[in-house]
Chemist: 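Mind having a look at this structure? Questions to follow.
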There are 2 protein chains.
Amino acid sequence: MTLPAARGRPRSAATTAAILQAAYALMAGQGLAATTIDAVARAAQVSKMTIYKWWPSREPLLIDAFLHHAAATLPLAREGHGAARIRAHVADYIAALDSDLGRVQLAVIAECIAQSGSAASFFARYLSHRRAALAQIIAEGQADGSIARRAAPEAIYDALYGGLFYRHLFGIAPLDAEALLALALV
Amino acid sequence: MTLPAARGRPRSAATTAAILQAAYALMAGQGLAATTIDAVARAAQVSKMTIYKWWPSREPLLIDAFLHHAAATLPLAREGHGAARIRAHVADYIAALDSDLGRVQLAVIAECIAQSGSAASFFARYLSHRRAALAQIIAEGQADGSIARRAAPEAIYDALYGGLFYRHLFGIAPLDAEALLALALV
DNA sequence: CCATTAAGTGGACGGTAAGTCCATTTAATG
DNA sequence: CATTAAATGGACTTACCGTCCACTTAATGG
């Protein structure tokens, strides 16, 4: 399983990280409009060509920048089971929405829409895995009796997380989960 | 109630309509990235200065372009009552999402995010009225017994329409309402 | 008819980002 | 030391932004 001995100068992990960090920080701090490729190159102290060498356009770069942080910030695994596990994760999700990660997520989604017309690429690279994993947890909760609702797990996920995301996107306060949890689970 | 006799050359309704139509058509046909102020001016056969005279930036222009069509396309009023009225409107909403209007709505939301960090301005100028009106219909349905769910009408709205919007935004098929309606109303 | 008022025109301008090109330097391998 | 590929930095074309200004057009009132 060893790689066939890389030739030439190896790709710098530090440079890659600097680019992704700079893109993330710009989205979080200055917003999407200020997160140009030029600005990322300046902030990361990297040549613009290096960015274009590895990312064909801004959309995949921003998705990568988001994933670079989301993986470490929003762990999916958690002890507990069924309804309790969903409630715990929903609390984490709300906290994440109300942080840099939530702002950056919206910026990434906006870039996807601007380029592709929808955020399907973001779903494919990130959300689909979460939706599948959480639907699985919901199904377990239905099996062990902690979730009374009999609807399809994906529908429950969409109502619960879609409802929360809707409020986040449109700035509808308060961003609390109690009513939606009762609706989706009980 | 007569206006105080307008002075000077009156604003041309045809010019205003041409601008809004051009912006809408560009968003629907070419996407947000191609919907520049220059492109709108060219398509509407209007001077760029005329656009800047009435709209300070692209965000309010695109919102106006959306509203210009949405008002005529997605009527809120409908006969029937309670659950039946919600089901009918949900069907209309799904049809609208799966049309030009749905694409344009996403483009407008993306522009709001890019400029403001969230789509709160779009909510204030459009969605908030729909949410309030539909929450009212949901409350009536709870009162007349056609909606069994006891949750807050706004929470039911968020779960139902937020869930549908979520699937639209992320390209999750199928975009059907049955499971979400059962979850939200029964 | 004419002065006034404001809408709309069209061209020009400086600034900035996109995306590409190329010669050069740097860091690894055999 | 020759080879390979990453990374640099500057130059360049194209396009849009936002603004400016002199001008024309369409209405009003005296």
Side-chain angles (χ1 to χ4, degrees), chain A residues 2-23 25-27 29-65 107-108 110-116, chain B residues 2-23 25-27 29-65 107 110-112 114-116:
Chain A
T2 45
L3 294 171
R7 308 281 317 220
R9 177 175 177 177
R11 181 170 177 184
S12 162
T15 295
T16 302
I19 292 168
L20 296 176
Q21 303 249 16
L26 278 167
M27 282 190 279
Q30 313 292 129
L32 178 61
T35 309
T36 64
I37 301 274
D38 279 330
V40 172
R42 279 195 297 271
Q45 302 198 77
V46 149
S47 168
K48 189 162 63 156
M49 271 308 295
T50 303
I51 297 178
Y52 279 110
K53 170 157 200 151
W54 299 105
W55 291 276
S57 67
R58 197 169 67 155
E59 179 179 337
L61 169 63
L62 299 192
I63 294 179
D64 282 356
V108 172
E111 174 67 10
C112 291
I113 295 172
Q115 298 307 319
S116 320
Chain B
T2 44
L3 294 173
R7 308 282 318 220
R9 178 175 176 177
R11 181 170 177 184
S12 161
T15 295
T16 302
I19 292 168
L20 295 177
Q21 302 249 17
L26 278 167
M27 282 191 279
Q30 313 292 127
L32 177 61
T35 310
T36 65
I37 302 274
D38 280 330
V40 171
R42 279 194 298 271
Q45 302 197 79
V46 149
S47 168
K48 190 163 60 156
M49 273 306 295
T50 303
I51 296 179
Y52 278 111
K53 171 155 201 152
W54 299 106
W55 291 276
S57 66
R58 197 170 68 156
E59 179 179 336
L61 169 64
L62 299 193
I63 294 178
D64 282 355
E111 174 67 9
C112 290
Q115 298 307 319
S116 320

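Please read all numbers here as calculations on a predicted model, not as lab measurements. Residue numbering restarts at 1 for every chain, and letters A, B, ... go by the order of the sequence lines.
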Chemist: To the nearest Å, how far apart are A:Arg11 CZ and C:dA28 C1'?
Modeler: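 Distance check: A:Arg11 CZ to C:dA28 C1' gives 16 Å.
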Chemist: Taking all non-hydrogen atoms of both residues into account, name the closest pair between B:Leu62 and B:Ala23 and its distance.
Modeler: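 Closest approach of B:Leu62 to B:Ala23, heavy atoms only: CD2-CB, 4.2 Å.
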Chemist: For residues 34-49 of chain A, tabulate all N or O donor-acceptor pairs below 3.5 Å that involve a side-chain atom, not counting sequence neighbours.
Modeler:
| from | atom 1 | to | atom 2 | distance (Å) |
| --- | --- | --- | --- | --- |
| A:Thr35 | OG1 | A:Met27 | N | 3.3 |
| A:Thr35 | OG1 | A:Gly31 | O | 2.7 |
| A:Thr36 | OG1 | A:Ala39 | N | 2.9 |
| A:Asp38 | OD1 | A:Lys48 | NZ | 3.2 |
| A:Ser47 | OG | A:Met49 | N | 3.3 |

Chemist: Tell me the interatomic distance from A:Arg9, atom CZ, to C:dA28, atom C1', rounded to whole angstroms.
Modeler: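 For the pair A:Arg9 CZ and C:dA28 C1', the rounded distance is 9 Å.
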Chemist: Taking the side chain as every heavy atom from C-beta outward, state whether A:Glu59 and A:Ser116 have any pair of such atoms under 4.5 Å apart.
Modeler: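 Yes; the side chains approach each other to less than 4.5 Å.
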Chemist: Generate the contact string for nucleotides 13-21 of chain D. Rules: B means base contact, S means sugar-phosphate contact only, - means no protein heavy atom under 4.0 Å.
Modeler: ---BBBBBB
Chemist: Select from B:Gly8 and B:Gln45 the residue whose nearest nucleotide in DNA chain C is closer to the 5' end of that strand.
Modeler: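 So the residue in question is B:Gly8.
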Chemist: Would one find a side-chain N or O of A:Thr50 under 4.0 angstrom from OP1 or OP2 of D:dA6?
Modeler: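 So the side chain of A:Thr50 is outside the cut-off, no N or O lying under 4.0 Å from OP1 or OP2 of D:dA6.
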Chemist: In whole angstrom, give the distance that lies between atom NZ of A:Lys53 and atom C1' of C:dT25.
Modeler: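 In whole Å, C:dT25 C1' and A:Lys53 NZ are 13 Å from each other.
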Chemist: Can you tell me how far C1' of D:dA6 sits from CD1 of A:Ile19, to the nearest Å?
Modeler: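 It works out to 11 Å between those atoms.
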Chemist: For DNA chain D, whose closest nucleotide is more 5', that of A:Ser47 or that of B:Pro10?
Modeler: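 Closest to the 5' end, via its nearest nucleotide, is A:Ser47.
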Chemist: Does A:Trp54 reach the side chain of A:Thr16, with side-chain heavy atoms less than 4.5 Å apart?
Modeler: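 When only atoms from C-beta onward are counted, A:Thr16 and A:Trp54 do not touch, as no gap falls below 4.5 Å.
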Chemist: Is the phosphate of D:dA7, meaning OP1 or OP2, less than 4.0 Å from a side-chain N or O of A:Trp54?
Modeler: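 Yes, because at least one side-chain N or O of A:Trp54 sits under 4.0 Å from OP1 or OP2 of D:dA7.
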Chemist: Run the salt bridge (charged side-chain N to carboxylate O under 4.0 Å, His left out) test against B:Lys53 and tell me which residues pass, sequence neighbours left out.
Modeler: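 Residues passing salt bridge (charged side-chain N to carboxylate O under 4.0 Å, His left out) with B:Lys53: none at all.
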Chemist: In whole angstrom, give the distance that lies between atom CG of A:Leu61 and atom P of C:dA18.
Modeler: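 To the nearest whole Å, that distance equals 11 Å.
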Chemist: Taking the side chain as everything from C-beta on, heavy atoms only, tell me whether B:Leu61 gets closer than 4.5 Å to B:Leu20.
Modeler: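 With C-beta onward as the side chain, the pair touches.
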